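Worksheet: one structure, shown below.
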Amino acid sequence: PTKAPAAATMLISNPQVIATIGPAFSGESLAVNKKFCDATPPMPIVTASASKGTLQDQGWKCWHRIIPNDNVEGSQGADWLARTGAKKVYVLDDASPYGQGVAQTMAKELKAKHVSVITGSVPATTTKNYDPIANTIVNSGADALFYGGYDANTALLAKALQGAGFKGRKLTGNGSKDSTFTKNAGSAGNGWYFTCGCQDATTAPSAKAFAVAYKAKWGEEPSTYSPEAYDAANLIMDAMSKAESAGGITRQSLLTAINNEDYKGITTTIKFQSNGEVVPSNLIVNLFEQKNGAIVGLGNINTLK
């Protein structure tokens with residue numbers, strides 16, 4: 001968030017830049033999206049990963065998001081925990097805009113499902129030792145944990161929970177679903193679940209060609225939000241073609257074309273509401289689990305028992 005404004009200013013001032021994919025994170029989005037949308041002309045922006053559940057309420061007329069927000073992801077994750085037997089859940093966050101948002105949604109929905117909830121917060125920017133909070137979680141008697149935070153800190157928490165002997169289910173959100181977690185957590189990461197409004201490109205039939213091309217290009221499997229970023233880029237290019245056919249590509253004509261898109265990508269069909277969100281019927285939250293050092297997709301969370 002401290003560096004994003006300068007980057008946004010640089011993009012806005014360059015007349016050759018007619019659209020931006022991003023910002024990637026919620027904190028940066030809150031810092032610069034108004035700047036993008038208040039520019040003359042406004043800069044069309046499409047994020048493939050910023051998921052905070054209040055971004056759509058800011059009144060940004062140039063902003064679009066192609067994934068489910070944290071309110072959708074958190075509530076569906078809570079429903080899954082409740083549906084599969086959780087009775088007492090410790091909901092922890094990292095004090096970041098993303099972590100707090102998804103944790104608050106998780107806690108609210110769990111309570112609505114009559115699940116007992118304990119909440120806590122450990123700032124990711126200052127916490128190095130997760131042993132105290134791990135012991136607190138164990139002593140709370142919770143049979144499940146949800147952590148709203150990012151991969152590196154989730155890995156530290158995973159190791160601390162393993163050391164403290166926590167036996168409950170461990171669930172986290174999209175911010176932790178990354179190879180950094182797998183690498184840093186080691187065996188302590190096995191058994192962790194992840195909610196994500198993202199596609200498993202290694203298994204989804206619609207992403208087969210993309211996954212093959214991605215691995216050939218970069219020498220590794222697509223990461224979290226790689227397919228979504230690919231869709232964001234192709235969405236913008238499709239809108240560029242339509243804007244050109246309608247009379248020429250400018251930021252304003254491109255924004256109009258993006259607003260009117262009904263684009264079938266490899267992750268979903270992208271059709272926007274007036275607030276920049278994809279229509280609800282096209283939003284899918286998937287559940288993942290780390291098994292034997294690899295995060296694998298389990299499928300649509302609403303269909304899992």
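Quick caveat: nothing in here was measured; it's all calculated off a predicted structure.
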Can you tell me how far [atom2] of [Y] sits from [atom1] of [X], rounded to the nearest 0.5 angstrom?
{"X": "Glu277", "Y": "Lys271", "atom1": "CD", "atom2": "NZ", "answer": "15.5 Å"}
{"X": "Thr303", "Y": "Lys305", "atom1": "OG1", "atom2": "NZ", "answer": "8.5 Å"}
{"X": "Asn174", "Y": "Asp70", "atom1": "CG", "atom2": "CG", "answer": "6.0 Å"}
{"X": "Lys108", "Y": "Lys113", "atom1": "NZ", "atom2": "NZ", "answer": "13.0 Å"}
{"X": "Lys34", "Y": "Lys61", "atom1": "NZ", "atom2": "NZ", "answer": "13.0 Å"}
{"X": "Leu145", "Y": "Ser140", "atom1": "CG", "atom2": "OG", "answer": "9.0 Å"}

Which residues pass the ring-ring contact (aromatic ring centres under 6.0 Å, His included) test with Phe166, sequence neighbours left out?
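By the ring-ring contact (aromatic ring centres under 6.0 Å, His included) rule, Phe166 matches no residue at all.
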
Only counting residues at least two apart or in another chain, list the ones meeting ring-ring contact (aromatic ring centres under 6.0 Å, His included) with Phe272.
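By the ring-ring contact (aromatic ring centres under 6.0 Å, His included) rule, Phe272 matches His64.
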
Given side chains that start at C-beta, do those of [X] and [Y] come closer than 4.5 Å, heavy atoms only?
{"X": "Ser51", "Y": "Ile67", "value": "yes"}
{"X": "Leu81", "Y": "Leu171", "value": "yes"}
{"X": "Val285", "Y": "Val72", "value": "yes"}
{"X": "Thr182", "Y": "Ile295", "value": "yes"}
{"X": "Trp63", "Y": "Thr47", "value": "yes"}
{"X": "Leu157", "Y": "Ile133", "value": "yes"}
{"X": "Val296", "Y": "Phe288", "value": "no"}
{"X": "Pro44", "Y": "Phe36", "value": "no"}

For the hydrophobic clusters of this structure (ILVMFWY residues joined by side-chain heavy atoms under 4.5 Å, transitively), does one cluster hold both [X] and [Y]?
{"X": "Val46", "Y": "Leu30", "answer": "no"}
{"X": "Val117", "Y": "Val102", "answer": "yes"}
{"X": "Ile21", "Y": "Val32", "answer": "no"}
{"X": "Ile270", "Y": "Leu254", "answer": "yes"}
{"X": "Tyr193", "Y": "Leu304", "answer": "yes"}

Any donor-acceptor pair under 3.5 Å linking the side-chain atoms of Thr224 with those of Asp178?
no

Do Ser49 and Glu228 pair up side chain to side chain, a donor and an acceptor below 3.5 Å, judged on atom types alone?
no

Evaluate whether atom CD of Gln273 has more than 12 neighbouring non-hydrogen atoms of other residues, nucleotides or ligands under 6.0 angstrom away.
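Atom CD in Gln273 is packed in, count exceeds 12.
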
Go through the steps to decide whether Asn275 and Gln58 satisfy the test side-chain contact (heavy atoms from CB on, under 4.5 Å), and finish with yes or no.
CA-CA 9 Å; Asn275 64 356; Gln58 305 304 311; over 6 Å; no

Quick check: does any side chain N or O of [X] sit under 3.5 Å from a backbone N or O of [Y], one acting as donor and the other as acceptor?
{"X": "Ser96", "Y": "Gly99", "result": "yes"}
{"X": "Thr172", "Y": "Tyr147", "result": "yes"}
{"X": "Asp231", "Y": "Gly265", "result": "no"}
{"X": "Asn190", "Y": "Gly293", "result": "yes"}

Parallel, tilted or perpendicular: which one describes the rings of Phe210 and Tyr230, with boundaries at 30° and 60°?
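Plane angle between 30° and 60°, so tilted.
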
Step-by-step side-chain hydrogen bond (donor to acceptor under 3.5 Å, both in side chains) determination, Thr256 to Ser253
CA-CA 5 Å; Thr256 299; Ser253 68; over 6 Å; no

Apply side-chain contact (heavy atoms from CB on, under 4.5 Å) to the pair Tyr150 and Thr180, showing each step before the final yes or no.
CA-CA 10 Å; Tyr150 292 104; Thr180 297; over 6 Å; no

Could you pull out the closest heavy-atom pair between [X] and [Y], with the gap in Å?
{"X": "Ala8", "Y": "Lys35", "value": "CB-CD, 3.8 Å"}
{"X": "Glu289", "Y": "Gly191", "value": "OE2-CA, 4.0 Å"}
{"X": "Ala160", "Y": "Asp131", "value": "CB-OD1, 3.5 Å"}
{"X": "Thr268", "Y": "Ile66", "value": "CG2-O, 4.5 Å"}
{"X": "Cys62", "Y": "Pro42", "value": "CB-CB, 4.2 Å"}
{"X": "Asn282", "Y": "Thr269", "value": "ND2-O, 2.8 Å"}

Would Asp93 and Tyr98 count as a side-chain hydrogen bond (donor to acceptor under 3.5 Å, both in side chains) here? Give the steps.
CA-CA 9 Å; Asp93 70 70; Tyr98 158 71; over 6 Å; no

Can a cation-pi geometry be assigned to Arg65 and Trp60, taking NZ or CZ under 6.0 Å from the six-membered ring centre and within 45° of the ring axis?
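The answer is no, since Arg65 fails at least one limit relative to Trp60.
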
Within 45° of the axis and under 6.0 Å from the centre of the six-membered ring of Phe194, does NZ or CZ of Lys177 qualify?
no

What's the verdict on side-chain contact (heavy atoms from CB on, under 4.5 Å) for Phe146 and Met106, showing C-alpha distance, side-chain angles and the deciding distance?
CA-CA 8 Å; Phe146 176 80; Met106 171 67 64; 3.5 Å; yes

Just checking Trp192 against Phe181, ring centres under 6.0 Å apart?
yes

Pair Lys215 + Glu221, salt bridge at N-O below 4.0 Å:
yes

Worked check of side-chain contact (heavy atoms from CB on, under 4.5 Å) between Lys87 and Val115
CA-CA 5 Å; Lys87 303 298 182 185; Val115 176; 5.7 Å; no

Just list the side-chain donor-acceptor pairs under 3.5 Å for residues 12-19, sequence neighbours left out, or say none.
residue, atom, partner, partner atom, Å
Ser13, OG, Thr9, O, 3.0
Ser13, OG, Met10, O, 3.0
Asn14, OD1, Gln16, N, 2.9

For a side-chain hydrogen bond (donor to acceptor under 3.5 Å, both in side chains) check, start with the C-alpha distance between Ser206 and Gln199, then their side-chain angles and the critical distance, and finish with the verdict.
CA-CA 10 Å; Ser206 63; Gln199 182 187 72; 3.2 Å; yes

The test is salt bridge (Lys or Arg N to Asp or Glu O under 4.0 Å); show your working for Glu261 and Lys242 and say whether it passes.
CA-CA 9 Å; Glu261 275 288 346; Lys242 292 174 180 175; 3.4 Å; yes

Intermediate values then yes/no, salt bridge (Lys or Arg N to Asp or Glu O under 4.0 Å), Asp79 and Arg83
CA-CA 6 Å; Asp79 291 345; Arg83 187 171 68 247; 5.8 Å; no

